[in-house]
Structures are given as C-alpha cells and as structure tokens.
Amino acid sequence: MNDIELIYDKVKDKYNLTLTNSFALNEGFTWDVPVIYGESQQGRFWLYADEDVPNPHGIGFVFSVEYKGYEEQTEEGLERVAKCHTHWHPQTIEQAVEDINNFMTGRRIFKK
C-alpha cells in the first residue's frame, strides 16, 4: 500500500472522497500518480505525492486546492471574489490527514 492509499484509508469513512490516479481525473497532470480528490463547501482539492519524490515514504505531498468564488459585503457594496487556486506541501502522512480534515470541515479557510 502506498502513502496516498494509507492516507485515504484514514479518512475514507469520514468524507465522500475519491481515490484515483492523475490521468483518470483529466485535470492537466503530466505524470501518473495516485490522487485523493474531494469536494466541500469551500471548493475542491487534490492530494498527491510530489513529482520530485519518485517513491515517497511519508514525505513530499502536494495539497492543491481550488476555492469557490464567493460574494462579500463591503462598505462599497457587494463584491464578487473570483475562485482561486493555491497549494501547500504537507510533509507527513499525519499532516496530510489533518489538512483533509480541516478542508472538508471548513476549519482551514483561505480568503483573498
């Protein structure tokens, strides 16, 4: 079992997630790698091993996120904030699991 499968095994019963591979997602990946994909009220995420780590053992993950756009009331009126993309690099299996939990429950929120 690879690290992505281990992470998936720890969260699969909590959330509606998909364990697949990068080519099956058709999201612009240039190499074949196992991916955990999920969606929440915030947007969607992909968790996979970093391309620079050919055979990861608990290190070198990428947590890539597309946050949904939203509207925000400002003093000038209603402002539309476009959807945005970001990513970070969990360094351990435990950090990756925590990031999934935080994203899926809304505890990690990114605002422009």
Side-chain angles (χ1 to χ4, degrees):
M1 186 177 281
N2 66 43
D3 289 344
I4 294 297
E5 291 170 330
L6 289 171
I7 294 166
Y8 179 76
D9 197 51
K10 292 177 183 278
V11 294
K12 69 181 181 185
D13 295 330
K14 293 181 182 179
Y15 313 109
N16 183 19
L17 303 174
T18 302
L19 175 63
T20 186
N21 68 61
S22 54
F23 289 154
L25 287 172
N26 195 24
E27 295 282 350
F29 285 87
T30 57
W31 76 103
D32 191 21
V33 63
V35 178
I36 298 172
Y37 173 80
E39 295 183 20
S40 76
Q41 291 182 336
Q42 297 188 79
R44 56 192 189 147
F45 80 88
W46 302 261
L47 176 71
Y48 50 94
D50 195 321
E51 183 177 24
D52 295 330
V53 181
N55 194 8
H57 297 285
I59 60 169
F61 301 107
V62 177
F63 198 101
S64 182
V65 173
E66 178 185 85
Y67 288 100
K68 291 180 182 178
Y70 60 93
E71 292 181 346
E72 182 173 65
Q73 186 65 44
T74 66
E75 290 180 12
E76 294 81 31
L78 200 58
E79 180 181 326
R80 177 85 178 136
V81 177
K83 68 181 172 182
C84 63
H85 300 262
T86 190
H87 77 279
W88 55 90
H89 298 268
Q91 295 300 302
T92 65
I93 289 172
E94 292 75 22
Q95 287 175 351
V97 168
E98 181 179 359
D99 285 342
I100 290 172
N101 287 327
N102 287 341
F103 186 83
M104 295 303 291
T105 61
R107 287 186 296 225
R108 176 174 236 169
I109 298 173
F110 175 84
K111 286 182 84 172
K112 250 182 164 175

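This structure is a prediction, so every number in the text was calculated from the model and none was measured. Numbers for residues simply follow the sequence, beginning at 1. FYI, side chains are in, hydrogens and waters are out, and symmetry mates aren't considered; it's all heavy atoms of this structure.
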To the nearest 0.5 Å, how far apart are CE in M1 and CD1 in I7? 11.5 Å

Side-chain heavy atoms of P34 within contact of N21, under 4.5 Å: no

Between OH of Y15 and CD1 of I36, what distance do you get to the nearest 0.5 Å? 12.0 Å

Provide the closest heavy-atom pair for L47 versus A96 in the form atom of the first, atom of the second, distance. CD2-CB, 3.9 Å

Flag, side chain of Q41 to backbone of G106, donor-acceptor distance under 3.5 Å: no

Could you see if L6 belongs to whatever hydrophobic cluster contains L19? Use Ile, Leu, Val, Met, Phe, Trp, Tyr and a side-chain cutoff under 4.5 Å. yes

Chi angles and distances behind the side chain to side chain contact (heavy atoms under 4.5 Å, CB included) call for L17, F45: CA-CA 10 Å; L17 303 174; F45 80 88; 3.8 Å; yes

Quick one: does N101's side chain have a donor or acceptor within less than 3.5 Å of a partner on V97's backbone? yes

Hey, could you give me the OH/OG1 distance between Y37 and T20, rounded to the nearest 0.5 Å? 11.5 Å

Under the side chain to side chain contact (heavy atoms under 4.5 Å, CB included) test, which residues partner E66, sequence neighbours left out? R44, W46, K83, H85

Is the shortest side-chain heavy-atom distance between K10 and I93 below 4.5 Å? yes

Could you check whether any side-chain N or O of S64 sits under 3.5 Å from a backbone N or O of H87, counting only pairs where one atom can act as donor and the other as acceptor? no

Can you find a heavy atom in the side chain of W88 that is under 4.5 Å from one in the side chain of D99? yes

With rounding to the nearest 0.5 angstrom, report the OH to OG distance, Y67 to S40. 8.5 Å

Rounded to the nearest 0.5 Å, what's the gap from CZ on F61 to CD on Q95? Could you check? 9.5 Å

Over 12 non-hydrogen atoms of neighbours within 6.0 angstrom of CG in N16: no

